[in-house]
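Chain letters run A, B, ... following the sequence lines, proteins first, then strands; residues in each count from 1. Quick caveat, the model's predicted, so the values are computed rather than measured.
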Amino acid sequence: MKTRVRFAPSPTGRLHVGNVRTALFNWLLARKTGGTFILRIEDTDADRSEAEYEKELIEDLKWLGLDWDEGLEKGGEFGPYRQTDRFDLYRKEAGRLLENGDAYYCFCSQERLDAERKEQQEKGLPVMYAGHCRDLSQDETKTRIEKGEKPTLRLKIREGAISFTDLVFGSVTVDLTEIGDFVLLRSDGTSQYNFACVVDDALMEVTHVIRGEGHLTNTFRQVLLYEYLGLPLPRFAHLSTILGPDGSKLSKRHGATSVGEFRERGYLPDALINYLSLLGWTPPESAGEVLSVKEIIDSFDLGRVNRSPATFDIAKLNFINRSHLKKLTPEVLADKVIPFLAAEGIMPAVIDGRVREWVSQVVEILGKYADTLGDFPGLVQDLLQFEPEESLADPEVQQIINEPESRVVIRAFEKNLLEDPSPVVDFEVYKGAVVKIMKEQGIKGKSLFRPLRVALTAKASGPELEKIIDVVEQAAELELPAPAISVRARVSAVAARLER
RNA sequence: GGCCCUAUCGUCUAGAGGCCUAGGACGCCGGCCUCUCACGCCGGUAACACGGGUUCAAAUCCCGUUGGGGCUACCA
């Protein structure tokens with residue numbers, strides 16, 4: 001039988017990484033087995049669901065590359081795929097339950113239910129609906145409805161126990177005395193989650209229900225529903241919760257939690273997928289941990305998913321992201337970095353070919369310093385920035401400048417550059433000037449390059465000098481929002497400050 | 001409160017009774033490379049929550065304790 005899986009989010013907020021992992025594991029199973037991945041929206045909670053979130057959710061999924069074969073936007077023969085469009089279906093199935101005597105109308109008021117629950121809690125009793133309306137006569141039910149009362153429909157829980165085998169948690173069992181008669185249809189006629197979920201999964205012929213661990217105990221209710229409805233039971237696989245650094249469920253106070261935030265911070269979709277796939281799942285040892293999406297699909301196996309909750313570790317995500325960043329060509333990387341530079345006002349909004357080429361070079365030099373695309377603006381800023389007044393006050397820089405030899409190097413460097421007729425200081429010019437110092441002054445190694453670095457950048461550390469010389473000079477020729485300073489101007493500025 | 005689930009280095013994890021003196025990855029620390037920072041390479045630090053069983057043998061099986069998560073809604 002062909003695998004059919006689904007991701008069924010509620011549009012009640014931005015897409016959380018925990019949910020992404022759920023979507024991912026579903027998607028991986030579908031892609032691994034050549035099955036179908038369905039996107040369904042569970043929006044039966046009218047108060048919290050918003051169209052805006054649904055839109056964003058779709059965008060996030062697309063950005064991640066988790067494409068679906070059936071459902072929202074795609075359509076399919078099992079639609080509609082939004083639960084608010086499926087109420088007739090739920091009512092129809094509820095009707096069957098009612099006819100079979102497995103469900104009943106409940107007229108208990110919200111107040112009564114609340115009071116009862118409170119009392120049960122205070123007395124330390126199991127908290128569940130006591131079943132007051134369970135044995136109401138058909139006549140009474142009928143007249144009360146005719147009088148205009150709006151009942152809920154509840155499931156009549158049978159005696160005995162219910163158990164099922166979860167693909168990751170194994171066999172689980174519960175005694176049905178632990179479960180109260182729960183609501184199927186609300187008094188306004190809409191469906192409650194567990195019921196809608198079962199009807200949808202069954203009607204959509206879902207073969208594997210892969211979802212968060214929070215639903216593990218809901219599954220008992222759902223299995224019972226499948227039984228009452230006489231529908232074939234799908235396989236279940238529950239995924240452990242993702243925790244924050246303090247061991248509680250990952251939430252906003254732990255920092256970024258939504259896909260949108262990670263995208264905005266400059267994480268690559270493939271890296272996010274790679275990292276999330278590693279939470280609770282282990283690739284075969286030989287594969288290593290930095291994997292392409294294709295590699296993950298190829299080695300994915302639900303049987304290797306573990307049960308214990310995992311803590312979200314930003315340091316490891318950074319490592320994975322960095323690793324993915326390093327695999328990109330400079331050109332591809334540049335195109336991804338440019339929007340981040342533009343957002344910080346470092347690059348103009350409209351980029352021409354020369355600037356793009358320049359960014360490619362820069363990104364190649366600075367790439368090893370970046371964890372995320374969002375790190376680049378700061379790095380490029382550092383490269384472009386030249387503020388001798390402030391930077392020369394740095395103790396490390398001071399120490400270099402105070403060396404008599406350093407002063408000789410900087411002055412000679414300035415002189416050599418000024419004597420060179422080339423309008424632009426490119427790498428060849430730079431090299432010529434440096435070689436001359438070595439020959440004439442006999443200075444080399446540390447004593448040579450440290451002052452050269454200070455002369456060029458007014459800093460004590462940074463990327464390799466021979467790599468930055470060209471891009472620094474070129475930056476001065478580019479029309480950047482904040483004009484960059486040319487090599488000669490830099491060296492002269494530093495040399496001038498030597499006198500004081 | 002009741003029920004369900006869970007527990008290996010700081011973190012993600014390997015581990016399906018002897019292969020475990022517990023392996024890998026991230027982080028951290030150290031070394032090498034090097035004008036510097038970083039990258040890279042090499043090395044190191046560090047864990048079976050606790051207490052009882054079962055067994056010739058337990059990280060692995062059972063029971064309990066403790067910690068964590070979830071459900072117990074006319075939320076999903």
Side-chain angles (χ1 to χ4, degrees), chain A residues 8-12 42-49 83 106 108-110 113-114 117 120-129 150-154 166 168-170 172-175 177-180 182-194 196-197 211-221 238 240-241 243 245 247-249 275 278-285 288-290 304 306-320 322-323 326 366-370 396 400 444-454 457 459-466:
Chain A
S10 302
T12 55
E42 306 208 330
D43 56 349
T44 59
D45 182 0
D47 292 343
R48 296 197 301 147
S49 295
Q83 287 189 330
C106 168
C108 295
S109 70
Q110 191 64 256
L113 261 18
D114 288 344
R117 191 174 313 122
Q120 287 167 340
Q121 270 163 358
E122 280 166 4
K123 287 188 179 170
L125 263 34
V127 178
M128 69 173 83
Y129 177 61
K150 298 274 185 233
T152 59
L153 188 72
R154 286 181 185 272
D166 188 275
V168 348
F169 282 90
V172 282
T173 306
V174 76
D175 194 298
T177 55
E178 301 294 336
I179 296 178
F182 62 94
V183 170
L184 266 19
L185 256 32
R186 304 186 186 106
S187 51
D188 63 2
T190 62
S191 175
Q192 187 269 346
Y193 166 73
N194 281 300
C197 183
R211 80 240 289 199
E213 188 190 346
H215 293 293
L216 189 66
T217 43
N218 276 329
T219 308
F220 292 123
R221 284 160 239 272
H238 288 86
S240 66
T241 318
L243 273 19
S248 67
K249 202 171 167 175
Y275 176 67
L278 259 22
L279 253 31
W281 171 74
T282 315
E285 298 109 271
E289 289 190 330
V290 178
R304 284 187 74 83
N306 76 8
R307 297 182 271 253
S308 43
T311 304
F312 192 87
D313 181 17
I314 198 81
K316 183 132 185 186
L317 203 214
N318 284 341
F319 162 76
I320 299 282
R322 203 192 305 146
S323 305
K326 279 178 188 154
L366 299 177
K368 62 184 175 187
Y369 295 97
E396 246 185 293
I400 296 168
K444 54 183 180 175
K446 254 186 178 140
S447 323
L448 205 210
F449 289 101
R450 294 178 77 200
L452 281 181
R453 174 174 295 284
V454 170
T457 67
K459 293 183 185 81
S461 66
E464 296 86 333
L465 287 173
E466 65 269 24

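- The closest donor-acceptor contact from the side chain of A:D166 to the backbone of A:H238 lies under 3.5 Å.
- For the pair A:Y275 and A:Y369, nearest-nucleotide mapping onto RNA chain B gives the more 5' position to A:Y275.
- Residue-level contact check: A:T190 touches neither bases nor backbone, having no heavy atom under 4.0 Å from any strand.
- For B:rA14, one of the phosphate oxygens OP1 or OP2 lies less than 4.0 angstrom from a side-chain nitrogen or oxygen of A:N306.
- Between the side chain of A:S191 and the backbone N or O of A:A196, at least one donor-acceptor pair lies under 3.5 Å.
- Taking A:R117 as the reference, A:D114 meet the side-chain hydrogen bond (donor to acceptor under 3.5 Å, both in side chains) condition, with sequence neighbours excluded.
- In this structure, CG of A:L465 is placed 10 Å from P of B:rC35, rounded to the nearest angstrom.
- Residue A:S49 places none of its side-chain N or O atoms closer than 4.0 Å to OP1 or OP2 of B:rA76.
- Considering only residues two or more places apart in sequence or on other chains, A:T190 meets the side-chain hydrogen bond (donor to acceptor under 3.5 Å, both in side chains) condition with A:R186, A:D188.
- Within the nucleic acid shown, A:K459 has no heavy atom closer than 4.0 Å to any nucleic acid atom.
- In this view, A:T152 and A:C106, A:R154, A:V183, A:S187 satisfy the side-chain contact (heavy atoms from CB on, under 4.5 Å) rule, not counting sequence neighbours.
- Going from atom CG of A:L366 over to atom P of B:rC37 covers 17 Å, rounded to whole Å.
- When each of B:rC4, B:rC39, B:rU11 is scored by its nearest atom to the side-chain atoms of A:T311, the top-ranked nucleotide is B:rU11.
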(message) Does the protein touch nucleotides 58-74 of chain B at the base, only the backbone, or not at all? Give it as B, S and - per nucleotide, heavy atoms under 4.0 Å.
(response) ----------SSBSSSB
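- Between the side chain of A:Q120 and the backbone N or O of A:M128 there is at least one donor-acceptor pair closer than 3.5 Å.
- Under the ring-ring contact (aromatic ring centres under 6.0 Å, His included) criterion, A:F449 pairs with no residue at all, not counting sequence neighbours.
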(request) Sugar-phosphate atoms are those with a prime plus P, OP1 and OP2; base atoms are the rest. Using that split, label each nucleotide of nucleotides 25-31 of chain B B, S or - for protein heavy atoms under 4.0 Å, 5' to 3'. (result) BSS----
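- Atom CZ in A:F449 sits about 20 Å away from atom P in B:rA38, given to the nearest Å.
- Side-chain atoms of A:S10 do not come within 3.5 Å of backbone N or O of A:T12 as any donor-acceptor pair.
- Among the protein residues, A:G212 comes within range of no part of the nucleic acid, since none of its heavy atoms lies under 4.0 Å from any strand.
- Atom CG of A:N318 is separated from atom P of B:rU11 by 18 Å (rounded to the nearest Å).
- A:D45 pairs by the side-chain hydrogen bond (donor to acceptor under 3.5 Å, both in side chains) definition with A:R48, not counting sequence neighbours.
- Rounded to whole angstrom, the span from the CZ atom of A:R453 across to the C1' atom of B:rU34 amounts to 11 Å.
- Contact annotation: A:R307 does not reach the phosphate of B:rC5 (side-chain N/O to OP1 or OP2, under 4.0 Å).
- B:rA38 atom C1' lies 6 Å from atom NZ of A:K368, rounded to whole Å.
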So which protein N/O to nucleotides 49-51 of chain B N/O distances come out below 3.5 Å?
none

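- Under the rule for a side-chain hydrogen bond (donor to acceptor under 3.5 Å, both in side chains), A:Y369 has no partner lying at least two apart in sequence or in another chain.
- At a threshold of 4.0 angstrom between heavy atoms, the contacts of A:Y193 include nucleobase atoms, whether or not backbone atoms are also involved.
- Contact annotation for A:T12: no contact, since no heavy-atom pair falls under 4.0 Å across all strands.
- Residues forming a side-chain contact (heavy atoms from CB on, under 4.5 Å) with A:Y193 (at least two apart in sequence, or on another chain): A:E42, A:C197, A:R211, A:H215, A:N218, A:Q222.
- Going from the P atom of B:rU11 to that of B:rG68 covers 15 Å, rounded to whole Å.
- Residues A:S191 and A:E396 each lie close to RNA chain B; by heavy-atom proximity, the contact nearer the 5' end of the strand is made by A:E396.
- Here A:S323 pairs with A:V290, A:F319 under the side-chain contact (heavy atoms from CB on, under 4.5 Å) rule; sequence neighbours left out.
- Considering only residues two or more places apart in sequence or on other chains, A:F312 meets the ring-ring contact (aromatic ring centres under 6.0 Å, His included) condition with A:F262, A:Y275.
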